[in-house]
Amino acid sequence: MAERIAVIDFETTGMSPAQGARPTEVGVAMIEGGVIVARYQSLMNAGAWVPPFIEQLTGISNAMLRGAPPVAQVMAEVADFVGDAPLLAHNAAFDMKFWDAELGLLGRRRTRDFACSLLLSRRLLPEAPSHKLGSLNSWAGLPGTGQAHRALADAEMAANLTLHLQQLLWARHEIRADHGYLCALQKLSAAKVRGLLRLDA
DNA sequence: TGCCAGGCCCTCTTTAGGGCCTT
């Protein structure tokens, strides 16, 4: 049976929960067998104020959040949706902080590692001019997924990028890169991965 | 008062600094 990976993206009110930032929207694209097989997206009301810069970036306004379901309800739903699937995000350090902080408020804990498509693409696509999610997807010729900086559109972009990286590893190196392999690969230095996979050749 | 992340990677490096990436 093919492995499922839950590709996650948060929109938030700021850079870090340690600074008081809270999520405003979460999206999940579940990949399995080389395709996206399930999706989750919801706005959420955490009672936090959305600064004008963030509102302009994401299109998510304070007015939209006033009518959104409460954060605890959404986080419980999305945690149940993800279940015991391993996790992945683009710049996972960012999304992992919010995932862990919000689950912690519910008295729940993450049980699986996060893989990171930013670290993986820096290692496997060093020739890309930019490793921003949208730029990478355009550069790699991957399909558009909707409005950038909305949670599900970005989660689907990261999912498509991950599938592209898995296909690249298989086509060039005959490596079936499951989540465990991706996590191991991203922990090696970029230089070591280049040597291991002969990316400089 | 003023400021506020943090981890990764490259290089004019390693006794460090700056850019990238996420909102």
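Bear in mind that the values here come from a model prediction, so they are computed numbers and not experimental data. Labels below follow one simple rule: chain letters A, B, ... track the order of the sequence lines, proteins then strands, and each chain is numbered from 1.
Ring planes of A:F10 and A:F98: tilted class, angle from 30 to 60°.
For A:W99 and B:dT23, the CH2 to P distance is 16 Å, given to the nearest whole Å. Here the P atom of nucleotide B:dT22 and the NZ atom of A:K132 are 7 Å apart, to the nearest Å. Between A:D9 atom CG and B:dC21 atom P there is a gap of 16 Å when expressed in whole angstrom units. The distance between atom CZ of A:F53 and atom C1' of B:dT22, rounded to the nearest whole Å, is 11 Å. Per the geometry, CZ belonging to A:R123 stands 8 Å off P belonging to B:dC10, to the nearest Å. The CG-C1' distance, from A:N91 to B:dC9, rounds to 13 Å in whole Å. Taking atom CZ of A:F98 as the reference point, atom P of B:dG6 lies 12 Å away to the nearest angstrom. When the P atom of B:dC8 is taken as reference, atom NE2 of A:H90 falls 15 Å away, rounded to whole Å.
Annotation: the span from A:L161 atom CG to A:L88 atom CG amounts to 8.5 Å, rounded to 0.5 Å.
Proximity of A:S16 to the phosphate of B:dT23: no side-chain N or O atom is located under 4.0 Å from OP1 or OP2. Distances shown here put a side-chain N or O of A:H131 below 4.0 Å from the OP1 or OP2 atom of B:dC21.
Nucleotides B:dT15 and B:dC20 are separated by 25 Å at their P atoms, to the nearest Å. One P atom belongs to B:dT13, the other to B:dG18, and the distance between them is 14 Å to the nearest Å. The separation of B:dT1 from B:dG6, taken at their C1' atoms, amounts to 25 Å, rounded to a whole angstrom. Comparing B:dC4 with B:dG19, their P atoms sit 15 Å apart, to the nearest whole Å. Nucleotides B:dA5 and B:dT23, compared at atom C1', are 11 Å apart to the nearest Å. Separating the C1' atom of B:dT14 from that of B:dC10 is a span of 13 Å, rounded to the nearest Å. Taking atom C1' in both B:dG2 and B:dG7, one finds a spacing of 25 Å when rounded to whole Å.
The base of B:dC21 does not come close enough to the side chain of A:R122 for any donor and acceptor atom to sit less than 3.5 Å apart.
As judged by a 4.0 angstrom heavy-atom cut-off over every strand, A:S189 is placed among residues making no nucleic acid contact. Base engagement by A:I54 is indicated by at least one non-hydrogen atom pair under 4.0 Å involving a base atom. Counting any heavy atom pair closer than 4.0 Å across all strands shown, A:T58 reaches sugar-phosphate atoms only and no base atom.
The residue among A:G14 and A:A93 whose nearest nucleotide of DNA chain B lies closer to the 5′ end is A:A93. If A:P129 and A:A18 are placed on DNA chain B by their nearest nucleotide, the residue sitting closer to the 5' end is A:A18.
Distance from the side chain of A:K97 is smallest to B:dG6 among B:dC21, B:dT23, B:dG6. Nearest to the side-chain atoms of A:L133 among the listed nucleotides B:dT22, B:dC10, B:dC21 stands B:dT22. Here the side chain of A:A190 is nearest to one of B:dC21, B:dC9, B:dT23, namely B:dC9.
In plain terms, the two heavy atoms of A:A85 and A:M30 that are nearest each other are CB-SD, 4.1 Å.
Checked by atom type and distance alone, the side chain of A:Q166 pairs as donor or acceptor with a backbone atom of A:A177 at under 3.5 Å. Judged by distance alone, with hydrogens and angles left aside, the side-chain atoms of A:H179 form a donor-acceptor pair with the main-chain N or O of A:L87 at under 3.5 Å.
Near DNA chain B, meaning a heavy atom under 4.0 Å away, the residues from residues 149-162 of chain A are A:H149, A:D154.
Considering only residues two or more places apart in sequence or on other chains, A:E11 meets the side chain to side chain donor-acceptor pair (under 3.5 Å) condition with none of them. A search for side chain to side chain donor-acceptor pair (under 3.5 Å) contacts involving A:R108 returns A:D80, not counting sequence neighbours.
For A:K97, the NZ atom counts as densely surrounded, since its 6.0 Å shell holds more than 12 non-hydrogen atoms of other residues, nucleotides or ligands.
For the pair A:L103 and A:R109, the minimum side-chain heavy-atom distance is 4.5 Å or more.
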